[in-house]
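On a predicted model such as this, the values are computed, not experimentally measured, just so you know.
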Amino acid sequence: MGKGFYISKAVAVTCVVVAVGAVATIIALSVVYAQEKSKSESPPETPPPTATPDTAPTTTSIPKQPWQNYRLPDSLAPVSYNVTLWPRLAPIADDLYIFTGQSAVVFRCVRETDLILIHSNKLNLTTFEGNHARLVGLDGATAPTLKNTWLEIPTQYLVIQLNSPLQAGRMYELFTEFVGELSDDLGGFYRSEYFDDGVKKVVATTQMQPTDARKAFPCFDEPAMKAVFHMTLVHPHDTVALSNAMNHGKFEHPVNITPTEIMSTYLLAFVVCDFTYIGSEQGAEIRIWARRKAIKEGQGNYALEKTGPILAFFEDYYNSSYPLSKSDQIALPDFSAGAMENWGLITYRETALLYNPAVSSNGDKEWVATVISHELAHMWFGNLVTTRWWNDLWLNEGFATYVSYLGANYAEPTWNMKDLIVLNEIISVMAVDALASSHPLSSKEADVVKPEQISELFDSITYRLHVSKTYLEEFKYKNTVYSDLWKHLQMAVDDAGIELPQSVEVIMNRWILQMGFPVLSINTQTGKITQEHFLLNPDSLVDTPSEFNYEWFIPLSWIKSGGTEQHHWLLEKEDMILGASEWLVANINMKGFYRVNYDSQNWERLLSKLSSQHQDIPVINRAQIIDDAFNLARAKMVSTTLALRTTKFLDKEVEYMPWQTATRNLNYFFLMFDRGEVYGPMQAYIRKQVTPLFTYFKDLTLNWTKIPEKHTDQYNQVNAISLACSTGVEECIDLTTGWFKEWMENPDNNSISSNLKSTVYCSAIAAGGVKEWDFAWSMYKNATIASEADKLMHALSCTKEPWLLNRYLEYSLDPKMIRKQDATATIVYIASNPIGQPLAWNFIRAKWDYIFNNYGGGSLSFGRLIDGVTTRFSTEFEYKELLRFKEDNAGQLGSATTSLEQALERTIANMNWVDMNKEQVLQWFTNENEASS
């Protein structure tokens, strides 16, 4: 990717730095990886178990006792762990799977104390003479005797009171023995199941981030509590055991793992399975692990082919060698997130690591490349150097999201990833960051303490720096805060002799310590530029104060009438710098994280240029004009009809980015109007606009017989067919139903192009009935390739038969029908269908107790569920239902709390928008259809 490319709010500040070739570049926001990569897919949401004789009653006395605080005291520091775990891969009774283990943690006493607090959650600890642990002194230290021990359930501590204090500077060892459940909740040490030729196989695996290492063994479970881990895994002879470091010798029983580097608990991983691997030596040993059949079919080949080059790219990018001797990557049948960057043993969903060129689409291939790149980026930034606390999570995830595109661009240089990053990350995250309920990138440590608060940070804002070697060198195997990075970026700027209007820290703090982003209003008649905090709902109350009064230092770029790009730093609320009598477009290639509004004359000039010679405006800015106009209209800064007019040129547009941006924004109109009278005229207008695109791809592909060469053309072909079929283009419906019928007649020979499967399956099932649905369900249950199963899982939600949708909803909470990891996605897919939306809402309300208690350990994202099911809400009745749901489940919302507040805010905004726009939108679509008839 070119050095002139940057993303999102933290990127904006270093525009000028990068443009002149500074060594240190950028920080970035996030993936709407509430798209699949969203780590919020793994919250520790299961309610605390009922107190047992091992637990002491918790009081709410003020001041709090130390064990009632969610943060560990700074009195102890772990040095090393020696942990032995034995997962049972067969049930001991009534489908109950367990693991047993023992742990000895060596720690240093930093400050004299008579109290040991160590995290432990859902572990049944063995008692020794009435206590839950044994304590010994090391190197001549005498260990105090234990006075009292208990498990503090709310804060997830093993509490150990001592009869005398530990001595500062001395070393001690704490030994525990325990039993835990190897459950299927996808959090901590858990089990995954799959069938191989009808035989059930069980995998013991892990997902520790953010706060679930304490479910595997007692530990100091905070990112700053780094230590060395000596792991021993007991396992059956016909299985292998893997962990972060290399195994001693081959895969013996039990297997002893070489000690890890100094690392955080959330990056631990261990797996016991009967998988096999393919590998290569490229400096470090690279191994791709998966089900034996998947490896035999070559599904791991692409990942192996690209891992080495991406690792080499990052070694060059960071100017730092890969820190470990091996890189294991394993595809798991059940996994809550897209992937997890465990140091040396990266865990993935199968769809994020495995690729079958005969079945998988170009989108599947891109997903594999970018996720691998994202996780490998973390091996340095996040693992070698780790943020001190979760409030600076954005530093890890924002960076990895940005450079994942650099790594993928290096591995696949023809994909033009520098454009896709704008579409996939910047535009997506702006939608969330424009809400009054958003949050700054960096929070105070004191504001993020509970596990559910930590989980909420793993959202679409958080996931979106060629970092100087000095930064990695100074902080390797240590923890940092964001100000450490600013110091090293400033050093790079100074060394390069670059002049900035303020220091890096002063510029950056305005982007990370206040939420949201600005909108610039440019008056081309007067030359006046103003900035203000952009809010999707301008009437919403912003109750989060900002020491900067919601003003930013903004690197502005623009072109006039196709001239050369110009730059200026906007440092005040207002400035006077430019005027134009010809068209002007600002924020070239969306290098800055802000929206742009213009005076009415310039809007008219831009619309005229789009209608006459749209190619004169850069393709990213054609997409930006559409996206800005629609969002400015929702914020009541321009008329909705002006936004709709930005789509009129699309009957001549063939590029992916403008079409995809228009489709996303028009989707809001569908959400608001697909149950009322506006729907017919709106559908007719879009059908008119997309028909030339459909014809273009019919010709380009020689009547659908070849695949377009350009990566983005392959995506836009999908847009053409999807929009044409959904808006009633008969030729399109005949095409997709014909392809699907051919497959039904010959199930062993699916000739539908891999890139088109998702849209063809959905279109055919929507046009069909129970016969098509049952066929697709059968194909889903028998699919051996995860990406194919995902396409069918989505397509099954496209049916227009309510009884089939209700049946599918019931399947979604039956793990024998739908894997727990897919429950959220299935319900949200159904809710995206206008017929399924009320069914899904009624379903989750009726089942909420069951969902919260049975799907809370990481297998289901409550936040994403609430967001997906309520996105259509636009009436007072629906708003009251949402309030009632909040009241009825006040104690059972977990990490959905923020999403519920955003849903309430969004519903009010939708209500107001519909009331204000329905009549003019109906009139506009009607007039456009009449004008073309």
Side-chain angles (χ1 to χ4, degrees), residues 1-3 5-7 11 18 22-28 30-31 37 244 261 263 267 279-288 302-329 338-348 352-353 366-387 395-413 415 417-418 420-421 425 463-477 480 485 488-489 492:
M1 187 178 298
K3 288 188 176 182
F5 193 82
Y6 347 87
I7 74 169
V11 172
V18 180
V23 174
T25 72
I26 57 186
I27 304 272
S30 150
V31 125
K37 179 61 182 77
N244 302 82
E261 300 289 349
M263 59 184 288
L267 295 170
S280 65
E281 288 274 357
Q282 300 183 38
E285 182 173 359
I286 297 169
R287 300 185 296 191
I288 308 299
Y302 180 72
L304 181 64
E305 175 190 338
K306 297 303 177 183
T307 294
I310 292 173
L311 271 178
F313 169 80
F314 285 136
E315 287 185 315
D316 178 66
Y317 185 78
Y318 294 124
N319 193 19
S320 175
S321 297
Y322 177 64
L324 306 178
S325 63
K326 62 107 171 177
S327 176
D328 279 333
Q329 298 178 87
M340 178 62 210
E341 66 269 18
N342 314 300
W343 213 9
L345 177 56
I346 306 172
T347 45
Y348 294 81
L353 188 65
E366 183 189 309
W367 181 240
V368 170
T370 53
V371 176
I372 288 175
S373 188
H374 182 105
E375 305 312 321
L376 292 178
H378 274 307
M379 299 301 106
W380 289 264
F381 207 102
N383 297 7
L384 181 65
V385 177
T386 311
T387 52
L395 202 59
N396 281 359
E397 294 304 336
F399 161 76
T401 298
Y402 172 73
V403 298
S404 69
Y405 284 83
L406 300 182
N409 189 65
Y410 178 80
E412 296 286 0
W415 285 0
M417 297 298 291
K418 68 182 187 299
L420 293 178
I421 198 171
E425 310 301 336
Y463 279 89
R464 296 297 184 251
L465 315 163
H466 206 170
V467 179
S468 64
K469 181 175 175 61
T470 60
Y471 177 78
L472 291 173
E473 276 297 319
E474 180 173 344
F475 296 106
K476 64 182 179 182
Y477 308 114
T480 65
L485 181 60
H488 285 263
L489 282 172

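At least one donor-acceptor pair closer than 3.5 Å links the side chain of Lys326 to the backbone N or O of Gly344. Judged by distance alone, with hydrogens and angles left aside, the side-chain atoms of Gln329 form no donor-acceptor pair with the main-chain N or O of Ile288 at under 3.5 Å. Between the side chain of Trp380 and the backbone N or O of Val385, no donor-acceptor pair lies under 3.5 Å. Under the 3.5 Å distance criterion, the side-chain polar atoms of Trp415 are left unmatched by any main-chain donor or acceptor of Ala408.
To the nearest 0.5 angstrom, Tyr302 atom OH is 10.0 Å from Thr307 atom OG1. With rounding to the nearest 0.5 Å, the separation of CZ in Phe381 from OG1 in Thr480 is 6.5 Å. Atoms CD and CD, from Glu366 and Glu412 in turn, are 9.5 Å apart once rounded to the nearest 0.5 Å. Taking NZ of Lys306 as the reference point, atom CD1 of Ile286 lies at 13.0 Å (rounded to 0.5 Å). Taking CZ of Arg287 as the reference point, atom OG of Ser327 lies at 10.0 Å (rounded to 0.5 Å). In this structure, the separation between NE2 on His374 and CH2 on Trp367 is 9.0 Å, given to the nearest 0.5 Å.
Asn383 places none of its side-chain heavy atoms less than 4.5 Å from the side chain of Met263. Annotation: side chain of Met379 is in contact with side chain of Tyr322 (closest heavy-atom distance under 4.5 Å). The side-chain heavy atoms of Leu420 and Thr370, taken from C-beta on, include no pair separated by under 4.5 Å. Between Val403 and Ser373 there is no side-chain heavy-atom pair separated by less than 4.5 Å. Counting heavy atoms from C-beta outward, Val371 and Leu353 have side chains that stay 4.5 Å or more apart. Within the 4.5 Å cutoff, side-chain heavy atoms of Trp343 are placed close to those of Leu384. Residues Gln282 and Leu311 form no side-chain contact, since every pair of their non-hydrogen atoms from C-beta on lies 4.5 Å or further apart. Looking at Ile372 and Tyr348, their side chains come closer than 4.5 Å, going by heavy atoms from C-beta outward.
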Item to complete: Assess whether side-chain contact (heavy atoms from CB on, under 4.5 Å) is satisfied between Ile421 and Asn409, documenting all intermediate values.
Response: CA-CA 10 Å; Ile421 198 171; Asn409 189 65; over 6 Å; no

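Using cut-offs of 30° and 60° for the angle between ring planes, the Phe314 and Tyr317 rings count as perpendicular.
Neither side chain, Glu285 nor Ser325, offers a donor N or O lying under 3.5 Å from an acceptor on the other. Between the side chains of Glu425 and Tyr405, a donor-acceptor pair is found at a separation under 3.5 Å.
Closest approach of Gly382 to Leu267, counting heavy atoms only: O-CD1, 4.0 Å.
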